[in-house]
Amino acid sequence: MQLFQILNESGELVGEPPKLDDSVLVDMLRLMLLGRRIDHKAISLQRRGKLGTYAPLSGQEAASVGSVFALDRETDWVVPQYREQLAMLHHGLALSTYLLQRMGHPQGSELPKDGTLYPQQVALGAHLPHAVGLAWGLKLRGDPGVVIAYFGDGASSEGDFHESCNLAGVQKAPVIFCCQNNGWAISVPWSQQSAAESVALRAPGYGMAGLAVDGNDALAMYAATADAKRRAQAGEGPTLIEAVCTRLGAHTTADDPTRYVPPDVAETAKKRDPIIRLRAYMIGKGIWSEELDQEAERWCDAEIDRAVEEFDATPKPDPASLFDNVYAAEDPRLRRQREEFIADRESR
Amino acid sequence: MQLFQILNESGELVGEPPKLDDSVLVDMLRLMLLGRRIDHKAISLQRRGKLGTYAPLSGQEAASVGSVFALDRETDWVVPQYREQLAMLHHGLALSTYLLQRMGHPQGSELPKDGTLYPQQVALGAHLPHAVGLAWGLKLRGDPGVVIAYFGDGASSEGDFHESCNLAGVQKAPVIFCCQNNGWAISVPWSQQSAAESVALRAPGYGMAGLAVDGNDALAMYAATADAKRRAQAGEGPTLIEAVCTRLGAHTTADDPTRYVPPDVAETAKKRDPIIRLRAYMIGKGIWSEELDQEAERWCDAEIDRAVEEFDATPKPDPASLFDNVYAAEDPRLRRQREEFIADRESR
Amino acid sequence: MPVMSLIEAIRSTLASEMERDERVMILGEDVGKSGGVFRATDGLQERFGADRVVDTPAAEAAIVGASIGLATAGWVPVPELQFLGFAHQAFHQLGHQLARFRYRTNARFTAPVTIRAPYGGGVRAPELHSDAFESLLIHCPGIKVVAPWTAADAKGLLTSAIRDPDPVFFLEPLKGYRLVRDDVPEDEHTVAFGKLRVAREGDDVTVVAWSAMVQPALEAAEAAAADGISVEVVDLRSLVPLDVDGLRERVARTGRAIVVQEAPLTAGFASEVVATIQEEAFEYLEAPVARVSGYDTPYPMPQLEDFYIPDAHRVLRQIKATAEF
Amino acid sequence: MPVMSLIEAIRSTLASEMERDERVMILGEDVGKSGGVFRATDGLQERFGADRVVDTPAAEAAIVGASIGLATAGWVPVPELQFLGFAHQAFHQLGHQLARFRYRTNARFTAPVTIRAPYGGGVRAPELHSDAFESLLIHCPGIKVVAPWTAADAKGLLTSAIRDPDPVFFLEPLKGYRLVRDDVPEDEHTVAFGKLRVAREGDDVTVVAWSAMVQPALEAAEAAAADGISVEVVDLRSLVPLDVDGLRERVARTGRAIVVQEAPLTAGFASEVVATIQEEAFEYLEAPVARVSGYDTPYPMPQLEDFYIPDAHRVLRQIKATAEF
Ligand SMILES: Cc1ncc(C[n+]2csc(CCOP(=O)(O)OP(=O)(O)O)c2C)c(N)n1
Ligand SMILES: Cc1ncc(C[n+]2csc(CCOP(=O)(O)OP(=O)(O)O)c2C)c(N)n1
Ligand SMILES: [Mg+2]
Ligand SMILES: [Mg+2]
């Protein structure tokens, strides 16, 4: 399957690069580096019992960052699965909030007020109908915003994927389905997930545009997403982008990939590192350097340290808050349960 | 979209006809004629309150009969939706049983013992995973049988369709997905059901073979199904056949198509009548005649009259039979409910 | 007040709410051009346009799931599921997504979605068209569930549902669509959730019912009167929130209660009502709270459904047994 | 008898049943190569081959639905749902298809399918991984539902389930996988459905629990003994069929009953147990049958789950209240 590529594995141009200010490219690489650092930090926090199960994104930085940078955070929406830390941060989520979420703290559910970010979704593909309805609704209102929905190769097997793509096609909803095909659904390889060579091959079945992109190529992801957005806003409907990328780490901190990932696969994966590729291109372009590496490293550490400080400083949640936000107005039966709960706590 | 065709609308050969004994062609046409007669009879029975809601198949005779004739009743399975009267009859269902089913009589649920016929399915697409599991299971046992699953264009929008096609592809299950695209899901036209030009376009997304067939052409349906069966048995996996056909009547006797079907559409539909087409071909071939029309008519009436007699002669069901077949062995709580039920009936 | 059938009350309420609030939109299978298989949305597409009354593909999970996103975009979706039986296909979107959207986003997002579906048996419908599975929805915290029987309550509760900031499942008794006819207030009419309706006063036994079971309850009460038993009939109409105080008060008066449901016995909503009554009114109870219910079988074939669905005879027998206990 | 953890008992039972009957096959997400996210199927694919231990795509409706067809082809499928929370995606295949297959075909076809799924909270799992929604399955006539707590019962009930001619939902307490350890009979061991287990004898109050709630019930009983209240603890273990006679007998002895469940209160299975007890043992009851339950909220974030799940303290408080009533 021929993948849409702009940078080859050595970071050389093999296609027309999107017109981007150097500063934007720098911001993209910095966010990708931040993602890599967050993985390291989060995994060590998890090992020390300070964080719950964590899903690392190492290897998928270009797929997330390249696509989300092609959108406008003011007007365009991000509807994530659970491995889109970077897209969520880019859309205004505080890193400390993200960490609290991974720690199972209710404050971790806070989303930017009047932002354009949906909550992360644990159920595979269950957020896709939401993304379609949102895009459809924006279009009906004459709102220029488009919606990007992220999900994985495993999620593409769920019925919700199908119903969503089909409805989006019929309504010409301005939604971009961004499937990050990292080749694995926990332990199940793509070859056992589907007999199709590529997820992108499903687009014609919904009358929508589809493209298989080298997901380790940040520029290709940017260009493909920008084009999909243009089409969406022109009323040409949804696009299915398959970002063929690599999962460098485990599925989550609860997973042991050595049980199922063949060593050679793990090896070749490393070679495809999207950060190395973009960095090489930018160095060649003279807009990145070792100094900037160090500068970025300091910035990442500062960002993470600040987030961890806030995280550590966050008081434990009020137990009774588990009764909050079930309904706009608490019904009497639930109120009574809250009161019994408080009485029980006081009896301890 | 180019449809696979062997007979054009005038019944002239435009492709290589399948090698079929004349007697088989005669049987096919007779079964198609029987279907048309059953529709008329059933609709009048329904009007007189002797039958429940009925789903006519007029216009889809070639799609059902052409495909099912390519299969072996002894070894190949039929997994129908609810508009495959003819495929079910061909696979051993008694017409009287079918009528009882439409009347809501429990005896209408009787299926041929050790036959290869599944029950009709009311929930759209819900039978597709069953068909896949069945085909997969037969293959695992080294059984040569293949499975054909019938469903409509509306059902192709359900999540079950997607999950089933994808699983079938991965397991290379010997299943034939036969989508009868009659252009309507009750009042919803295909153009609002999907933005895809054709259901068959979905096949590549599952790594399976797909073909859009002129569903009003019995020979094309036979050939396409025979080929799909060959592939299935050769271990080449599932096939998605889209039978592009026409619904000449209402969705069911409860439906009024004049509310939504444009008159011209209804008119052009008539021209595509699959019976006229096959009959013209067979007359040209010298294997059908007006005498055979009359003979067939007599046969149809005899078949139907006999079925209606059996239907009329069937005693009302035993009320307590509603407790039968919930489990292999009745659990005490249910037994008590049955006893209370009987006591209540006796108290009347 | 004009007399309306249940279906007329629903249709006119949908129309007036769409008139009042242009954010209200309808989506579902066959709701547009054909006006719905029961004509609940008849004429609405002509009147409000194909953008606000939308025929969708046959995909229940997408209908419910898309409604969540439409709500975020500022719409007030009123999706129709053609029959409650097909809500099963959307169950993950109902119980896990729609019901929890406010909770899991700390109220950043809400989902003011009103799902309408016909349910219950008695019209010889095909398989899966007649099940009464309200308890499955009721056990999904975050969704409100209402099940009116009268046309007036249908108008009042549907109006309240559409204006409610939270998701509401609006259950319509299929059997009552044309059968039920009563006076419906012409002007704006809302019925607050969580308040039961006393359909008939009585002193000896309290029969609790909702939706299509109100009718056999009333018939049985009438018959019992002839035998000198004074039966009160309570129409819950709002299942979530449940009128716990109302239940206590009504049952405390009689000391004897029967709960009638169409659903299978085991784990049906009647068991919740029984458990609640005996928790709340134990000291007043002179007899066990009884259940008259559908049986623990799949919904039977149409020719057997009249034997399956509780009728006045069964309710009356239980009234006598409970009264004599 | 060897001491085994719950997960070991499940794994060894699966192995011995696959050994005994070559028609038994396992399918699900990650059950093969990786041996399951909780290692319930660890080593089975190496041992029995990739045809009988199959890694499927992430598609729950297909996993359950395909099992029906596999059964028709002569297999005895034992599908795993990775977490009960994802059974929602397959709900139509469970409640409408699997549960009714025998009924709707007049027994021409049966579906001897045993679905395994971990459920319940207490391990800080992410959203949707901890819900205890047994009552949704219990309200689907045609499926049997068992929920063991001890490793011995896990072996006995899983063996019975796999050999049962009807569909069985086998609920595994996620919290107990490694926590629970007890003596498990080495040889063939079956536990008949529909028989409760008396986990602790007592005379004053009967506490009814199942799955993970057996533990707080036992702890509370222990603590109550110190206060001079003799508490009996009943482990239902088989929810459908329900041991109605056993419940009557046990509660008749004490006249006081408490039902403990992890699920949300409203329309949870506890309400069925309460309704049944008060129907069966009304004359013996000296206090209302009480419920100690999860709350009517979505399952909370992990840091709040210990406050949500009923614990020994809550059960003990109710024991005192019920004893003093
Ligand atoms: C509906 C549903 N079924 C099953 C699961 C359990 N599960 C969690 S992650 C996962 C694999 C997902 O793989 P993929 O979609 O490729 O995303 P990735 O983890 O590779 O980013 C599964 C099966 C789930 N979360 N939701
Ligand atoms: C899961 C499900 N959703 C909705 C329905 C209601 N319904 C019955 S027939 C129908 C249209 C089906 O159209 P199609 O699949 O094209 O089959 P056709 O009737 O045209 O043969 C719908 C929506 C159903 N039976 N099952
Ligand atoms: Mg993946
Ligand atoms: Mg159709």
Side-chain angles (χ1 to χ4, degrees), chain B residues 52-53 55 82 100-109 119-126 152-160 185-189 192-194 251-252 254-257 259-260 316-326 331 333-334 337-338 340-341 343-345 347-348, chain C residues 28-39 42 50 54-63 65 82-83 85-86 88-90 92-93 123-130 264-266 292-308 310-311 313-314 316-318 320:
Chain B
T53 315
Y82 51 73
L100 287 166
Q101 206 281 338
R102 300 303 337 171
M103 193 49 192
H105 192 299
Q107 235 167 280
S109 304
Q120 77 154 20
Q121 179 61 249
V122 160
L124 298 176
D153 44 307
S156 76
S157 298
E158 295 283 351
D160 280 354
I186 307 185
S187 70
V188 181
Q192 278 168 271
Q193 192 63 235
S194 178
H251 169 69
T252 65
D255 174 48
D256 171 13
R259 296 178 65 95
Y260 55 82
K316 290 221 157 299
D318 166 15
S321 66
L322 77 86
F323 291 94
D324 297 345
N325 300 317
V326 181
D331 80 68
R333 184 165 226 185
L334 197 54
Q337 290 177 33
R338 183 196 286 265
E340 285 164 7
F341 174 83
D344 173 87
R345 300 313 303 175
S347 74
R348 291 169 189 246
Chain C
E29 296 154 4
D30 308 289
V31 296
K33 196 88 191 301
S34 89
V37 292
F38 296 105
R39 306 285 169 258
D42 197 12
V54 185
D55 281 318
T56 65
E60 291 73 22
I63 291 168
Q82 204 161 76
F83 292 88
F86 308 127
H88 276 55
Q89 267 76 357
H92 55 294
Q93 288 295 337
V123 302
R124 303 277 183 277
E127 201 184 358
L128 303 181
H129 288 62
S130 305
L265 178 77
T266 298
V292 177
S293 172
Y295 303 105
D296 286 326
T297 74
Y299 196 87
M301 292 286 279
Q303 286 203 18
L304 294 176
E305 71 178 340
D306 291 344
F307 303 109
Y308 179 87
D311 62 7
H313 183 87
R314 279 183 67 197
L316 180 60
R317 286 186 83 217
Q318 186 59 58
K320 291 176 179 166

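Letters A, B, ... mirror the listed sequences (proteins, then strands); counts begin at 1. All values below were derived from every heavy atom in this structure, side-chain atoms included, with hydrogens, water molecules and symmetry-related copies excluded.
Between C:Met301 atom CE and B:Leu100 atom CG the span is 8.5 Å, to the nearest 0.5 Å. Expressed to the nearest 0.5 Å, how far OG of B:Ser347 lies from NZ of C:Lys320 amounts to 8.5 Å. Note that the NZ atom of C:Lys33 and the CD1 atom of B:Ile186 stand 14.5 Å from one another [nearest 0.5 Å].
In terms of modelled atom types and a separation under 3.5 Å, the side chain of B:Gln337 and the main chain of C:Asp296 share a donor-acceptor contact. A donor-acceptor pair is defined here as one N or O able to donate and one able to accept, closer than 3.5 Å; such a pair exists between the side chain of B:Gln193 and the backbone of C:Ala58. Of the possible donor and acceptor atoms, none in the side chain of C:Gln303 sits under 3.5 Å from a partner among the backbone N and O of B:Lys316.
Contact count versus chain B (heavy atoms, under 4.5 Å) is highest, among C:Gly85, C:Pro57, C:Ala61, for C:Pro57. When each of B:Gln192, B:Met103, B:His105 is checked for heavy-atom pairs under 4.5 Å with chain C, B:His105 comes out on top. Heavy-atom pairs under 4.5 Å with chain C peak, among B:Gly52, B:Ala126, B:Ala320, B:Pro317, at B:Pro317. In terms of heavy-atom pairs under 4.5 Å with chain C, the best-connected choice from B:Asn325, B:Asp318, B:Val326, B:Asp153 is B:Val326.
Looking at B:Arg345, the atoms closer than 4.5 Å to chain C (heavy atoms on both sides) all sit in the side chain, from C-beta outward. Of the atoms belonging to C:Ser293, not a single heavy atom falls under 4.5 Å from chain B. Proximity to chain B (any heavy atom under 4.5 Å) is shown, for C:Arg314, by both the backbone and the side chain. Contact of B:Ser194 with chain C is not made at all, since no heavy-atom distance falls under 4.5 Å. Looking at C:Gln82, only its side chain comes within 4.5 Å of chain B, counting heavy atoms on both sides. For C:Leu304, the parts lying under 4.5 angstrom from a heavy atom of chain B are both the backbone and the side chain. Contacts between C:Gln89 and chain B at a heavy-atom distance below 4.5 Å involve the side chain alone, from C-beta outward. Interface residue C:Pro300: only side-chain heavy atoms are found under 4.5 Å from chain B. Interface remark: B:Asp324 contributes no atoms to any contact with chain C (heavy atom separation under 4.5 Å). Using a 4.5 Å cut-off between heavy atoms, C:Tyr308 contacts chain B through both its backbone and its side chain. Contact of C:His129 with chain B is made through the side chain alone, with heavy-atom distances under 4.5 Å. For C:Val54, no part sits under 4.5 Å from any heavy atom of chain B, backbone or side chain. Contact annotation for B:Tyr82: neither backbone nor side-chain heavy atoms come within less than 4.5 Å of a heavy atom of chain C. For C:Glu305, no part lies near chain B; criterion is any non-hydrogen pair under 4.5 Å.
Heavy-atom minimum distance, B:Glu340 versus C:Arg317: O-NH1, 4.4 Å. In this structure, B:Ser157 and C:Ala59 approach most closely via the heavy-atom pair O-CB, 3.5 Å. Summarising the geometry of B:Ala185 relative to C:Asp30, their closest heavy-atom pair is O-OD1, 3.3 Å, with the distance given to 0.1 Å. The minimum heavy-atom distance linking B:Leu322 with C:Thr297 is given by the pair O-CG2, 3.7 Å. Summarising the geometry of C:Ser34 relative to B:Tyr260, their closest heavy-atom pair is CB-CD2, 4.1 Å, with the distance given to 0.1 Å.
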Evaluation steps, side-chain contact (heavy atoms from CB on, under 4.5 Å), between C:Asp311 and B:Arg348
CA-CA 12 Å; C:Asp311 62 7; B:Arg348 291 169 189 246; 2.7 Å; yes

Given B:Glu158 and C:Glu60, is the side-chain contact (heavy atoms from CB on, under 4.5 Å) satisfied, shown in steps?
CA-CA 8 Å; B:Glu158 295 283 351; C:Glu60 291 73 22; 2.8 Å; yes

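Applying the ring-ring contact (aromatic ring centres under 6.0 Å, His included) rule to C:Phe307 yields no partners; only residues at least two apart in sequence or on another chain are considered.
Taking the side chain as every heavy atom from C-beta outward, C:His313 and B:Asp344 approach each other to under 4.5 Å.
Contact check on C:Arg39 versus B:Asp256 returns no salt bridge, with no Lys/Arg side-chain nitrogen under 4.0 Å from an Asp/Glu carboxylate oxygen.
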